[in-house]
Amino acid sequence: MSFHLHKFPLLSRSGVMERLIAEASEEGEEKCSICLPDIPGGAKTFELVAKFCYGVKLELTASNVVYLRCAAEHLEMTEEYGEGNLITKTETFLNQVVLRNWKDSLRALQTCDDIISYDDELNVTKRCIESLAMKASTDPNLSGWPIMEYGGPMQSPGGSVLWNGISAGARVKNTSSDWWYEDASTLSFPRYKRLIAVMESRGIRQEIIAGSLTFYAKKYLPGLNRCQGATDTNSSTCVAPVALEAPPSEEDQKLLLEEIDRLLPIQKGLVPTNFLFGLLQTALILQVSPCYISNFEKRIGMQLDQATLEDLLIPNFSCSMETLYNVDCVQQILEHFLAMDQITGGASPSLVGDGQITASPSLTPVTLVAKLIDGYLAEVASDVNLKLPKFQALAASVPDYARHLDDGLYRAVDIYLKSHPWLSETEKEQLCQLMDCQKLSLEACTHAAQNERLPLRIVVQILFFEQLQLRTSITGCLLVSDNLDGSRQSGLAGPTERGWASTARENQVLKVGMDNMRTRVSELEKECSNMKQEIERLGRVKSFTWGNVSKRFGFKLKSRMCSAQEGSISNQNTESRKNEKLKDRQGQHKKNST
């Protein structure tokens, strides 16, 4: 752009313009033409500089003060060339107006991307970031950052602001610690990264840093919101990021994902688990470096007990894998969790007495993870492409002590058997060996006893352990009943009438439960005997020939003759006994008569 200007207003304010005009005048040309290719802010900024040189009143704003400050520095508009020159004016406005206000500091920092060459000398970017970090790390309700709208001590009972006793209709904002997330997300990532680094150096809490990084990632990684979907539990408490008109390129998203991994705090619980799963899925979609995928898996493994079943259902984005869900990724996450639990001393419980496991608070996360993995196995078991070794490896990775009951594992095994009917008997038995029949509840045992998909040997084991469990329960109920009856007869405890009535009711309930258990035990014994007979019948090899048939009929005739002879002999014996009894009665009658 060309500017037709007078020489004197320019050379009276700028040292650079004075030298350039002098050099052009020495060449003897009538027209003085000067080229300025490196003016910060371009022609628009130089137009404002020229107006200032002509004495036009200049309107400084947060959007142009950085450009004007750098242009004044470039043109050497110091106090030597006039009092109140542009360097002094812009520096004063920057320190006294812009850096004292959050919004102005943010706008000024956004314009610093174009003045990188002057950043080291003027430190404009550093001062803006320091100002923003100071305001973000200070409680806004105490310091007033950002400036509260309609702030004042007088409020109506409804919360609106009163002006001269009249309700103005506006309400005072209660600012939380995440008020600056959306403003900070408007910065370019290099500036945002420097802002986060300065905040950490000022001692801001790690959970606030993690919240800001989460907000920034959701805004610039479009796939992250799709991965999380409706599982985001923090959507009601956090500000939702505004969607971008043009999403970043895949390469930019890869770089951002890698930087987010470096900046996120490592401490457990600071970052939501569903957000970490979203980062992992996005990394798998973008095919980032395997080391970053492993880092996300380790982060999730540290807090796997806080995950949900929906989080674990990671779709398979690889063309080389046939399964619907990425089971290998879940396997890696589980191994990281168990390794971390082993380091913290919670993986192996202590044993006391007869091998009983002592209660430990560290068992709680492992128990939650075991229940979560059983639910995941039940979900992926219906996939016909899921191979048996992979299913067995994931199920066997959970420690035995982590499952108090194997009902969830039994459900997963049953679904797998139903979806893979072509398994051989050997493979079915190997799959069922994952379960501990002694850890099945009565409901699960009842279902398993009637399950045709289970191998017969497993069904017999389940019936046996169910019978033992019922007998143990009946024995316990009998002991309780005997203790209650003994305490009532002895009267040592001296209970009141109300206590005896409640004890009698409890005793009656126990007796009813015992009767039901006896009935169930008898039914199970009948079923077990029938099954044994069926097993013997199936195992016996029969050959039906005419010789065998004749022998069988002959044997039957002999047995009938023998039974007839035995019947006649028994009749004779009974008749002789009757005669002896009559003789005894006659002799007794004679004695009585005498």
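Excluded from the calculations below are hydrogen atoms, water molecules and symmetry mates; all remaining heavy atoms, backbone and side chain alike, are included. Keep in mind the model is a prediction, meaning the values are calculated, not measured.
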Exercise. Decide side-chain hydrogen bond (donor to acceptor under 3.5 Å, both in side chains) for Ser289 and Glu258; before the verdict, give the C-alpha distance in whole Å, the side-chain angles of both, and the deciding distance to 0.1 Å.
Key: CA-CA 9 Å; Ser289 177; Glu258 295 172 358; over 6 Å; no

Practice problem: Report the C-alpha separation of Phe215 and Glu182 in whole Å, then their side-chain angles, then the decisive distance to 0.1 Å, and conclude whether the side chain to side chain contact (heavy atoms under 4.5 Å, CB included) test is met. | Solution: CA-CA 8 Å; Phe215 190 95; Glu182 185 173 1; 3.9 Å; yes

Exercise. Could you check Leu279 against Leu264 for side chain to side chain contact (heavy atoms under 4.5 Å, CB included), going step by step and ending with a plain yes or no?
Key: CA-CA 11 Å; Leu279 291 177; Leu264 278 176; 3.8 Å; yes

Quiz item: Are Asp305 and Lys371 close enough, and set up right, to give a salt bridge (charged side-chain N to carboxylate O under 4.0 Å, His left out), and what steps lead you there?
Solution: CA-CA 10 Å; Asp305 55 305; Lys371 185 177 180 181; over 6 Å; no

Exercise. Please lay out, stage by stage, how Tyr325 and Leu312 fare under the test side chain to side chain contact (heavy atoms under 4.5 Å, CB included).
Key: CA-CA 9 Å; Tyr325 296 105; Leu312 287 180; over 6 Å; no

Quiz prompt | side chain to side chain contact (heavy atoms under 4.5 Å, CB included) between Arg194 and Thr125, worked out | solution = CA-CA 10 Å; Arg194 289 183 60 180; Thr125 302; 3.6 Å; yes

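Taking 4.0 Å as the cut-off between side-chain N and carboxylate O, Arg69 and Glu73 count as a salt-bridged pair. In this structure, Asp436 does not pair ionically with Arg403, as no charged nitrogen and carboxylate oxygen lie closer than 4.0 Å. Ion pairing between a basic and an acidic side chain is recognised when a charged N comes within 4.0 Å of a carboxylate O; Arg107 and Asp183 show no such pairing. Using a cutoff of 4.0 Å between basic side-chain nitrogens and carboxylate oxygens, Arg411 and Asp374 are not scored as salt-bridged. At a threshold of 4.0 Å, the pair Arg127-Glu91 counts as salt-bridged, since one of the basic side-chain nitrogens sits closer than that to a carboxylate oxygen. The pair Lys439-Asp407 does not count as a salt bridge, with every side-chain nitrogen at least 4.0 angstrom from each carboxylate oxygen. Look at Asp328 and Lys390 and you find a salt bridge, because one of the NZ, NE, NH1 or NH2 atoms lies within 4.0 Å of a carboxylate O, short of that distance.
Using a 4.5 Å cut-off on side-chain heavy atoms (C-beta onward), Asn451 and Val459 make no contact. In this structure, Ser188 and Arg191 have side chains that are in contact, with non-hydrogen atoms separated by less than 4.5 Å. Using a 4.5 Å cut-off on side-chain heavy atoms (C-beta onward), Leu94 and Thr90 make no contact. Between Asn64 and Thr45, every side-chain heavy-atom pair lies at or beyond the 4.5 Å cut-off. Between Gln342 and Leu338, the closest side-chain pair of non-hydrogen atoms is not below 4.5 Å. The side-chain heavy atoms of Arg299 and Leu280, taken from C-beta on, include no pair separated by under 4.5 Å. Between Tyr192 and Leu213 the shortest side-chain heavy-atom distance falls below 4.5 Å. Within the 4.5 Å cutoff, the side chain of Leu409 has no heavy atoms near those of the Val398 side chain.
The line from NZ of Lys268 to OG1 of Thr273 is 9.0 Å long, rounded to the nearest 0.5 Å. Separation of atoms CG (Leu386) and CG (Leu324) is listed at 10.5 Å; rounding is to 0.5 Å. To the nearest 0.5 Å, atoms CZ (Phe275) and OG1 (Thr282) are separated by 8.5 Å. In this structure, CG on Leu276 lies 11.5 Å from CG on Leu304, to the nearest 0.5 angstrom. The distance from the CG atom of Asp383 to the OG atom of Ser419 is 8.5 Å, given to the nearest 0.5 Å. In this structure, Lys126 NZ and Cys128 SG are separated by 12.5 Å, a value rounded to the nearest 0.5 Å.
If you look at Phe189 and Tyr216, their ring centroids are closer than 6.0 Å. Remark: aromatic rings of Phe296 and Tyr292 are distant, center separation not under 6.0 Å.
No donor-acceptor pair under 3.5 Å is formed between the side chain of Ser294 and the backbone N or O of Pro290. The backbone N or O of Val98 lies less than 3.5 Å from a partner atom in the side chain of Ser105, making a donor-acceptor pair. Remark: the backbone N or O of Val271 is paired with a side-chain donor or acceptor of Gln303 at under 3.5 angstrom. With Asn101 contributing its side chain and Asp104 its backbone, the two residues share a donor-acceptor pair below 3.5 Å. With hydrogens and angles disregarded, a donor-acceptor distance shorter than 3.5 Å links the side chain of Asn326 to the backbone of Cys329.
The two atoms that bring Ala381 and His420 nearest to each other are O-CE1, 3.3 Å, heavy atoms only. Shortest non-hydrogen contact noted between Ile293 and Ala283 is CG1-CB, 4.1 Å. In terms of heavy-atom proximity, Gln287 sits nearest to Lys254 at O-NZ, 3.9 Å. Nearest heavy atom pair, residue Lys135 against residue Leu99, reads NZ-O, 2.9 Å. Closest approach of Ala62 and Phe93 over heavy atoms only: N-CE2, 4.3 Å. In plain terms, the two heavy atoms of Leu270 and Ala210 that are nearest each other are O-CB, 3.7 Å.
Between the side chains of Tyr376 and Asp311, not a single donor N or O lies within less than 3.5 Å of an accepting N or O. Between Gln331 and Ser397, the side chains place a donor N or O and an acceptor N or O closer than 3.5 Å (distance only, hydrogens not considered). Of the N and O atoms on the side chains of Ser424 and Lys428, not one donor lies less than 3.5 Å from an acceptor on the other residue. For the residue pair Arg453 / Tyr416, no side-chain donor-acceptor distance below 3.5 Å is found, with atom types taken as modelled.
The number of heavy-atom neighbours closer than 6.0 Å to CD of Gln267, taken from other residues, nucleotides and ligands shown, is above 12. Within a 6.0 Å sphere centred on CG of Asp400, heavy atoms belonging to other residues, nucleotides or ligands number 12 at most. Taking a 6.0 Å sphere around CD1 of Ile266, one finds it holds 12 or fewer heavy atoms contributed by other residues, nucleotides or ligands.
Test Ile208, Leu132, Ile129, Ile209 against Met199 for side-chain contact (heavy atoms from CB on, under 4.5 Å) and you get one pass: Ile209.
Between His447 and Tyr410, the two ring planes are perpendicular [angle over 60°; tilted spans 30° to 60°]. Classified by interplanar angle (parallel below 30°, tilted 30° to 60°, perpendicular above 60°), the ring pair Trp179/Trp102 is perpendicular.
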